[in-house]
Amino acid sequence: MKYLILIYSNPQSRAAWDKLTEQQQRQFGQDHYDLSDRLRASGELVVSEGLPGPETGKGVSIRNGEVVVTDGPFAEAKEYLAGFYLVEADSIDQVIAHAATLPDAHNDGIEVRPVWDASLLNDL
């Protein structure tokens, strides 16, 4: 089964990042590289990417038959998706254990969610 490890950020966590020493910031990044290496070695990693802030995104909707594109951020909430790991694992507990090794778990927390298996739609 595939699972997403979703990493969130917000202005408070960005401010906390800015207060870290250069060495602490390097270690933070290294912790992410280390998890990627472990997941790659075990065959669990599908893909992992960091995302720029929401101000770089675009909202897309259809209104009265017209495509409407808006600039980010999209919601009143200050929290935004900052990165993700897509992994393939036997259980959600296994993925939770991986997520708990990330430094982000000490700040805003991390969300682990199963990914819908779209191939099941072919059976409908």
Side-chain angles (χ1 to χ4, degrees):
M1 176 129 190
K2 289 182 181 156
Y3 296 90
L4 269 175
I5 298 173
L6 300 166
I7 302 164
Y8 292 95
S9 188
N10 63 45
Q12 291 79 20
S13 59
R14 289 298 308 165
W17 167 265
D18 291 338
K19 291 179 183 175
L20 294 177
T21 66
E22 188 176 319
Q23 175 58 36
Q24 289 170 319
Q25 289 178 348
R26 265 193 247 113
Q27 185 58 53
F28 191 97
Q30 187 61 52
D31 291 344
H32 278 277
Y33 286 125
D34 291 347
L35 177 58
S36 293
D37 288 345
R38 287 192 307 273
L39 291 170
R40 196 174 296 107
S42 69
E44 295 170 275
L45 183 64
V46 176
V47 67
S48 175
E49 299 291 346
L51 301 172
E55 66 279 358
T56 64
K58 300 288 184 189
V60 178
S61 59
I62 305 292
R63 298 290 180 258
N64 299 321
E66 298 288 324
V67 175
V68 178
V69 179
T70 58
D71 291 333
F74 313 115
E76 294 298 316
K78 301 295 183 198
E79 187 174 79
Y80 60 90
L81 184 62
F84 67 91
Y85 291 81
L86 178 60
V87 299
E88 192 151 351
D90 295 328
S91 74
I92 196 167
D93 292 332
Q94 187 176 345
V95 180
I96 289 168
H98 289 310
T101 68
L102 291 170
D104 310 78
H106 296 277
N107 297 321
D108 299 312
I110 295 171
E111 181 181 359
V112 174
R113 294 176 59 187
V115 175
W116 286 94
D117 183 353
S119 68
L120 297 176
L121 295 175
N122 295 333
D123 296 335
L124 297 178

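The chain is numbered in sequence order, starting from 1.
- Between E44 and E88 the shortest side-chain heavy-atom distance does not fall below 4.5 Å.
- Each of I110 and L51 belongs to its own hydrophobic cluster when Ile, Leu, Val, Met, Phe, Trp and Tyr are linked at side-chain heavy-atom distances under 4.5 angstrom.
- The shortest heavy-atom contact between S36 and Y85 is OG-CE2, 3.3 Å.
- Counting heavy-atom neighbours within 6.0 Å of D18 CG, excluding the residue itself, gives a total above 12.
- With S48 contributing its side chain and F84 its backbone, the two residues share a donor-acceptor pair below 3.5 Å.
- Criterion: ILVMFWY side-chain heavy atoms under 4.5 Å apart, direct or through other members. Under it, V95 and V46 are not part of a common hydrophobic cluster.
- Side-chain heavy atoms closer than 4.5 Å link hydrophobic residues (I, L, V, M, F, W, Y) into clusters, and following such links, even through other members, never connects Y33 to I5.
- Here the CD1-OG1 distance, from I96 to T101, works out to 12.5 Å after rounding to the nearest 0.5 Å.
- Summarising the geometry of Y80 relative to R14, their closest heavy-atom pair is OH-CD, 3.4 Å, with the distance given to 0.1 Å.
- Two residues are said to be in side-chain contact when any heavy atoms from C-beta on lie closer than 4.5 Å; D37 and R40 meet this criterion.
- Remark: side-chain polar atoms of Y8 are not paired, donor with acceptor, to backbone N or O of D104 under 3.5 angstrom.
- Criterion: ILVMFWY side-chain heavy atoms under 4.5 Å apart, direct or through other members. Under it, L35 and L45 are part of a common hydrophobic cluster.
- Residue R26 is tested with Q24, Q23, Q30 for a side chain to side chain donor-acceptor pair (under 3.5 Å); the sole match is Q23.
- One hydrophobic cluster holds both I92 and V87 under the rule that ILVMFWY side chains link at heavy-atom gaps under 4.5 Å.
- Between the side chain of S42 and the backbone N or O of R38 there is at least one donor-acceptor pair closer than 3.5 Å.
- At least one side-chain heavy atom of I62 sits less than 4.5 Å from a side-chain heavy atom of V67.
- A heavy-atom distance below 4.5 Å is found between the side chains of K58 and D71.
- A heavy-atom distance below 4.5 Å is found between the side chains of H98 and L39.
- In terms of heavy-atom proximity, L81 sits nearest to I7 at CD1-O, 3.5 Å.
- Taking 4.5 Å as the limit, some side-chain heavy atom of H32 sits within range of a side-chain heavy atom of L102.
- Under a 3.5 Å cut-off, the side chain of N10 and the backbone N or O of Q12 do form a donor-acceptor pair.
- Minimum heavy-atom separation, Y3 to P114: CD2-CA, 3.6 Å.
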